[in-house]
Q: 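Let me give you the structure first, and then I'll get to my questions.
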2 protein chains.
Amino acid sequence: MKLSKKSDYALRAMIYLSLNYQKGALQIKEISAKERIPQKFLENILLTLRKAGILNSKMGLKGGYELARSPDLIILGDVIRALDGAIAPVNCVSQISYKPCAEEVNCVIRDVMMDIRNAITDVLDTMTFADMCKRAKESLEKKESNILTYSI
Amino acid sequence: MKLSKKSDYALRAMIYLSLNYQKGALQIKEISAKERIPQKFLENILLTLRKAGILNSKMGLKGGYELARSPDLIILGDVIRALDGAIAPVNCVSQISYKPCAEEVNCVIRDVMMDIRNAITDVLDTMTFADMCKRAKESLEKKESNILTYSI
DNA sequence: TAGAATCTCTACTAATTCTATATACTTTGT
DNA sequence: ACAAAGTATATAGAATTAGTAGAGATTCTA
């Protein structure tokens, strides 16, 4: 039930891009440095996100990546599906890579896995990157006020 | 976010053992044949479940495995944790294999992953094998009544 | 218009994890 | 005694994941 490194990096990069949405295209180099993601690996990840229609890119000098639409219109589920494929714990309950299971008709495990899939997508498909930005800023403020408190 | 084959087999074996709880110890051979699980693989799985205190075993001739306690006292989460370890999508939100993440203090991904972990464990840690048996029987009845309907 | 900076594409390698099997050992019933 | 069961550990093979390499295409700017 693990989140892949790829998706983890992708989420971080997406949050970074969302926080800087107004600044236009950012370069891979910058994102990779700030988020400490191996650059070559990140290149592949961002390319995948572009092909999925989540990012736009500009080639050449002064090129870079930016969100294809505003952060409140991109959900976490889109990103994870683009990179890792199905979110469902088993294919027999997957929307995007459905394959019937051996037991087919009366498989009780299927029911439970369906519940789990729905619980996960409830989170990932309602949470937008705008929400993530909001949380990030709140958490940063909280941190700063703590520092202030401690330094008194 | 995938359920491993190991856990899948384990759940099936556990359901089989739960459905036959009153019959005493069952042999690996029987479970493996009925659930179509490679026997040697199943041996390892059941051994792990025994070490986790979920199953009891009897060695020697007429030996076998049985539930260590009644099916309504065993939750799915126990079984999956015994075989696959942490259920959490990332270690920084795991109960059993917690490791702080790099970003530590204000990591927003952590919050989301915590939500997901909780959503998953809500399902896995409330569902018992008694529940699974009930569902299995219901689904079987439904199937039989369908067969009846179709044969009319 | 040359050239540097940037994204694109494909292939490849290395590391890890998952799935399954092998083999020798221990215990128990008859 | 011996056959039938579980125990224990190691290992092999396959699949997936993580990361790297390198040549190519595009664009800005001097």
Side-chain angles (χ1 to χ4, degrees), chain A residues 1-13 17 24-33 35-68 80 82-86 89-91 97 99 102, chain B residues 1-13 17 23-33 35-68 80 82-86 89-91 97 102:
Chain A
M1 305 267 177
K2 262 215 164 357
L3 185 73
S4 73
K5 215 79 179 154
K6 230 173 175 169
S7 282
D8 182 21
Y9 289 159
L11 292 178
R12 292 179 195 286
L17 284 164
L26 302 184
Q27 296 178 358
I28 294 176
K29 204 170 37 170
E30 174 183 345
I31 304 170
S32 128
E35 294 293 327
R36 296 209 206 79
I37 302 169
Q39 178 165 342
K40 271 295 186 182
F41 201 19
L42 185 58
E43 282 180 16
N44 289 328
I45 291 168
L46 297 185
L47 199 54
T48 303
L49 290 175
R50 200 216 52 172
K51 286 180 181 165
I54 295 167
L55 295 179
N56 285 333
S57 67
K58 243 178 75 184
M59 276 181 96
L61 195 57
K62 309 262 175 178
Y65 280 98
E66 62 189 345
L67 301 187
I80 293 180
L83 288 155
D84 285 355
V90 291
N91 285 336
S97 60
K99 248 180 60 181
Chain B
M1 307 266 176
K2 262 216 167 354
L3 185 73
S4 74
K5 214 78 179 155
K6 231 172 174 171
S7 282
D8 182 23
Y9 288 158
L11 292 179
R12 291 180 196 285
L17 284 165
K23 290 193 195 163
L26 302 183
Q27 297 180 356
I28 294 175
K29 204 168 40 171
E30 174 184 345
I31 304 170
S32 130
E35 294 293 327
R36 296 209 207 81
I37 302 169
Q39 178 164 342
K40 272 296 183 182
F41 201 18
L42 185 57
E43 281 181 16
N44 289 328
I45 292 168
L46 297 185
L47 199 53
T48 303
L49 290 174
R50 200 216 53 172
K51 286 179 181 167
I54 295 167
L55 295 179
N56 285 333
S57 67
K58 244 177 75 183
M59 277 180 95
L61 195 58
K62 307 262 174 179
Y65 280 98
E66 62 189 343
L67 302 187
I80 293 180
L83 288 155
D84 284 354
V90 291
N91 286 337
S97 60

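Naming convention: chains lettered A, B, ... in sequence-line order (proteins, then strands); numbering from 1 in each chain.
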Q: If you compare every side-chain N and O of A/S4 against the phosphate oxygens of D/dT16 (OP1, OP2), does one of them come in below 4.0 Å?
A: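 No, because none of the side-chain N or O atoms of A/S4 sits under 4.0 Å from OP1 or OP2 of D/dT16.
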Q: Between C/dT23, D/dA5, D/dT20, which one does the side chain of B/K29 approach most closely?
A: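 The closest nucleotide is D/dA5.
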Q: Assuming nearest nucleotide by heavy-atom distance, tell me which of A/N44 and A/G63 is located more 5' along DNA chain C.
A: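 With A/N44 and A/G63 compared, the 5'-side residue is A/G63.
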Q: Rounded to whole angstrom units, what separation is found between the CG atom of A/L61 and the C1' atom of D/dA30?
A: 11 Å
Q: From CG of B/L47 over to C1' of D/dA5, roughly how many Å is that when rounded to an integer?
A: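 Rounding to the nearest Å, CG of B/L47 and C1' of D/dA5 are 13 Å apart.
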Q: Would you say a side-chain N or O of A/Y9 is under 4.0 Å from OP1 or OP2 of D/dA18?
A: no
Q: Which listed nucleotide (D/dA25, C/dT30, D/dT20) is nearest to the side chain of A/P38?
A: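 That would be D/dT20.
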Q: Looking only at side-chain N and O atoms, does B/K58 come under 4.0 Å of OP1 or OP2 in D/dA5?
A: no
Q: Side chains of B/L67 and B/L55: closer than 4.5 Å at any heavy-atom pair?
A: yes
Q: Rounding to a whole Å, what distance do you find between A/L49:CG and C/dC7:P?
A: 14 Å
Q: Measure NZ/B/K2 against C1'/D/dA15 and give the value in whole Å, please.
A: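 After rounding, the gap between these two atoms is 13 Å.
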Q: Can you tell which of C/dC9, C/dA22, D/dG6 lies closest to the side chain of A/E43?
A: C/dC9
Q: Atom NZ of residue position A/K2 - does it have more than 12 heavy atoms of other residues, nucleotides or ligands inside 6.0 Å?
A: yes
Q: What contact category does A/K51 fall into here, base, sugar-phosphate, or nothing, at under 4.0 angstrom with non-hydrogen atoms?
A: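 Since only primed, P, OP1 and OP2 atoms lie under 4.0 Å of A/K51, the category is sugar-phosphate.
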Q: What is the nucleic acid contact for B/I28, judged by heavy atoms within less than 4.0 Å: base, sugar-phosphate only, or nothing?
A: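 If one applies the 4.0 Å heavy-atom cut-off, B/I28 turns out to touch the sugar-phosphate alone, with no base involved.
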Q: Need one value for A/K5: base, sugar-phosphate or nothing, where a base atom within 4.0 Å counts as base even if backbone is also close, heavy atoms only.
A: sugar-phosphate
Q: What I'd like to find out is whether the side chain of B/L46 reaches to under 4.5 Å of the side chain of B/I28, using heavy atoms alone.
A: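 Counting from C-beta outward, B/L46 and B/I28 do come under 4.5 Å.
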Q: When the distance from CD1 of A/I80 to P of D/dT17 is rounded to whole Å, what number comes out?
A: 14 Å
Q: Could you go step by step and tell me if B/I31 and B/Y9 meet the side chain to side chain contact (heavy atoms under 4.5 Å, CB included) rule?
A: CA-CA 10 Å; B/I31 304 170; B/Y9 288 158; over 6 Å; no
Q: Among the nucleotides D/dG19, D/dA21, D/dA8, which one has an atom lying closest to any side-chain atom of A/F41?
A: D/dG19
Q: Just how far, in rounded Å, is C1' of D/dG19 from CG of A/L83?
A: 15 Å
Q: Please confirm whether the shortest side-chain N or O distance from B/K6 to OP1 or OP2 of C/dA20 is below 4.0 Å.
A: no
Q: Heavy atoms from C-beta onward define the side chain here; which of D/dC28, C/dG29, C/dC9 lies closest to that of A/K62?
A: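 My answer, after comparing the listed nucleotides, is D/dC28.
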Q: Looking at D/dG6, I'd like to know if its phosphate oxygens (OP1 or OP2) sit under 4.0 Å from a side-chain N or O belonging to B/R50.
A: no
Q: Starting from P on D/dT7, measure out to CD1 on B/I45 and report it in whole angstrom.
A: 14 Å
Q: Using side-chain contact (heavy atoms from CB on, under 4.5 Å) as the criterion, point out the one residue from A/L49, A/T48, A/L17 that pairs with A/I54.
A: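 For A/I54, the side-chain contact (heavy atoms from CB on, under 4.5 Å) test succeeds with only one of A/L49, A/T48, A/L17, which is A/L49.
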Q: As a test of reading the structure: which of C/dT6, D/dA23, D/dA8 is closest to the side chain of A/K40, going by heavy atoms?
A: D/dA23
Q: What is the distance, to the nearest angstrom, from the CG atom on B/L42 to the P atom on D/dA5?
A: 14 Å
Q: Is the side chain of A/S32 donor-acceptor paired with the backbone N or O of A/I37 at a distance under 3.5 Å, no angle test?
A: yes
